[in-house]
Q: 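One structure is given below, represented as structure tokens, and several questions about it will come after.
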Amino acid sequence: MINEDKLFSFGADLKTYNPDDLIFSEGEVPGFFFLISKGKVKLNNYNEEGKEFIQGILSPGHSIGLSSLFTEKTYPLNAVAIEESEIIRLPKSQFLKFLKQHPESYFTTIQCLSEHMHYKFLMMQSMAFQNPAQKLLTLMNYLKDHHHDQSEDALQILLTRKQLASLTGLSVETVIRVIKNMEKQGILKIKNRKIFY
DNA sequence: GCATTAACAGCTA
DNA sequence: TAGCTGTTAATGC
């Protein structure tokens, strides 16, 4: 993980966002490196009918829109806080200087980018070819892998049905039906509406 | 506000 | 045509 104190010495500041606050939006020119210190952020798009597709949900330690910093392109999606969040911001030019002076951070940066690409590849093939149950399993397997919790116990999925639907492109009703089916098959458990996988 | 259920319509194997 | 998924609406939490 990138050292936060060093970022501050390069001129970073800490900004607080409330739920639904926009961090950046589609079409903007990337000007900052963002690192989540506290809270959660979603990356989304809306289709022509206004239906939301969530590209990913980021938690503390993750950087937002990192890949766009290394292109000359505008952001392809919106970044929106979904909890009260604290985010470290460092102007792009300063971030590039920072990387030059701290080459070991390059490695971390590439790791982050690769991790994100891995998620994208997993989800993309799942979204393209698989049935709803497989899409949800792909997503939940990913969540489970990254919640490097020591235990083999069931992980509570801290996402609403609506969020699961937006992450997979399914309708909420289908998510509910599929999840209930998986409970019947013993794949997961539901305890007062909470999903344990 | 989110979750659930049911009735219905459209698609497709 | 049977099964699956999305839409809509009503209802519960």
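So that the names make sense, note that chain A is the first sequence line, chain B the second, and so on, each numbered from 1. Values in this document were obtained by computation on a predicted structure and should not be read as measured data.
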Q: What donor-acceptor contacts under 3.5 angstrom involve side-chain atoms of residues 77-99 of chain A, with partners at least two apart or in another chain?
A:
from: Asn78(A); atom 1: OD1; to: Glu26(A); atom 2: N; distance (Å): 3.0
from: Asn78(A); atom 1: ND2; to: Asn44(A); atom 2: O; distance (Å): 3.3
from: Asn78(A); atom 1: ND2; to: Asn44(A); atom 2: OD1; distance (Å): 3.1
from: Ser85(A); atom 1: OG; to: Lys40(A); atom 2: N; distance (Å): 3.3
from: Ser85(A); atom 1: OG; to: Lys40(A); atom 2: O; distance (Å): 3.4
from: Ser85(A); atom 1: OG; to: Glu83(A); atom 2: O; distance (Å): 2.9
from: Arg89(A); atom 1: NE; to: Asp13(A); atom 2: OD1; distance (Å): 3.4
from: Arg89(A); atom 1: NH2; to: Asp13(A); atom 2: OD2; distance (Å): 3.3
from: Lys92(A); atom 1: NZ; to: Leu69(A); atom 2: O; distance (Å): 3.3
from: Gln94(A); atom 1: OE1; to: Lys97(A); atom 2: NZ; distance (Å): 3.2
from: Gln94(A); atom 1: NE2; to: Phe10(A); atom 2: O; distance (Å): 2.8

Q: Partners of Thr160(A) by side chain to side chain contact (heavy atoms under 4.5 Å, CB included), sequence neighbours excluded?
A: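 Side chain to side chain contact (heavy atoms under 4.5 Å, CB included) check on Thr160(A) returns Lys162(A), Gln163(A).
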
Q: Mind checking what makes side chain to side chain contact (heavy atoms under 4.5 Å, CB included) contact with Lys194(A), not counting sequence neighbours?
A: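 Checked Lys194(A) against side chain to side chain contact (heavy atoms under 4.5 Å, CB included); matches are Gln156(A), Asn192(A), Phe196(A).
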
Q: Only counting residues at least two apart or in another chain, list the ones meeting side chain to side chain contact (heavy atoms under 4.5 Å, CB included) with Glu49(A).
A: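 Residues passing side chain to side chain contact (heavy atoms under 4.5 Å, CB included) with Glu49(A): Asn47(A).
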
Q: Using a cut-off of less than 4.0 Å, is there contact between a side-chain N or O of Lys51(A) and OP1 or OP2 of dG6(C)?
A: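 The answer is no; no side-chain N or O of Lys51(A) sits under 4.0 Å from OP1 or OP2.
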
Q: Mind checking what makes side-chain hydrogen bond (donor to acceptor under 3.5 Å, both in side chains) contact with Thr74(A), not counting sequence neighbours?
A: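 Expected list: none.
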
Q: Going by heavy atoms closer than 4.0 Å, what residues in residues 127-136 of chain A are next to DNA chain B?
A: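 By residue number: none to list.
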
Q: Dump the pairs, protein N or O against N or O of nucleotides 1-3 of chain B, anything under 3.5 Å, distances to one decimal.
A:
from: dC2(B); atom 1: OP2; to: Lys162(A); atom 2: NZ; distance (Å): 3.3
from: dA3(B); atom 1: OP1; to: Arg161(A); atom 2: N; distance (Å): 3.1
from: dA3(B); atom 1: OP2; to: Arg161(A); atom 2: N; distance (Å): 3.2
from: dA3(B); atom 1: OP2; to: Lys162(A); atom 2: N; distance (Å): 3.4
from: dA3(B); atom 1: O4'; to: Arg193(A); atom 2: NH1; distance (Å): 2.7

Q: With a 3.5 Å cut-off and sequence neighbours excluded, list the donor-acceptor pairs that the side chains of residues 169-178 of chain A form with protein atoms.
A:
from: Ser171(A); atom 1: OG; to: Thr174(A); atom 2: N; distance (Å): 3.2
from: Ser171(A); atom 1: OG; to: Thr174(A); atom 2: OG1; distance (Å): 3.0

Q: Could you tell me which residues satisfy ring pair (Phe, Tyr, Trp, His ring centres under 6.0 Å) with Tyr17(A), sequence neighbours excluded, listed by chain and number?
A: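 Counting only residues at least two positions away or on another chain, Tyr17(A) forms no ring pair (Phe, Tyr, Trp, His ring centres under 6.0 Å).
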
Q: Can you give me every donor-acceptor pair (side chain of residues 115-142 of chain A, partner residue at least two apart or in another chain, under 3.5 Å) with its distance?
A:
from: Glu115(A); atom 1: OE2; to: His146(A); atom 2: NE2; distance (Å): 2.5
from: Lys120(A); atom 1: NZ; to: Gln55(A); atom 2: O; distance (Å): 3.1
from: Lys120(A); atom 1: NZ; to: Gln55(A); atom 2: OE1; distance (Å): 2.7
from: Ser126(A); atom 1: OG; to: Gln130(A); atom 2: OE1; distance (Å): 3.0
from: Ser126(A); atom 1: OG; to: Thr138(A); atom 2: OG1; distance (Å): 2.9
from: Asn131(A); atom 1: OD1; to: Ala133(A); atom 2: N; distance (Å): 3.2
from: Asn131(A); atom 1: OD1; to: Gln134(A); atom 2: N; distance (Å): 2.8
from: Thr138(A); atom 1: OG1; to: Gln134(A); atom 2: O; distance (Å): 2.8
from: Asn141(A); atom 1: OD1; to: Tyr197(A); atom 2: OH; distance (Å): 2.5
from: Asn141(A); atom 1: ND2; to: Leu137(A); atom 2: O; distance (Å): 3.1

Q: List every contact pair, protein side and nucleotides 9-13 of chain B side both N or O, where the distance is under 3.5 Å.
A:
none

Q: Each nucleotide N or O in nucleotides 8-10 of chain C that has a protein N or O under 3.5 Å away: list the pair and distance.
A:
from: dT8(C); atom 1: O4; to: Glu173(A); atom 2: OE2; distance (Å): 3.2

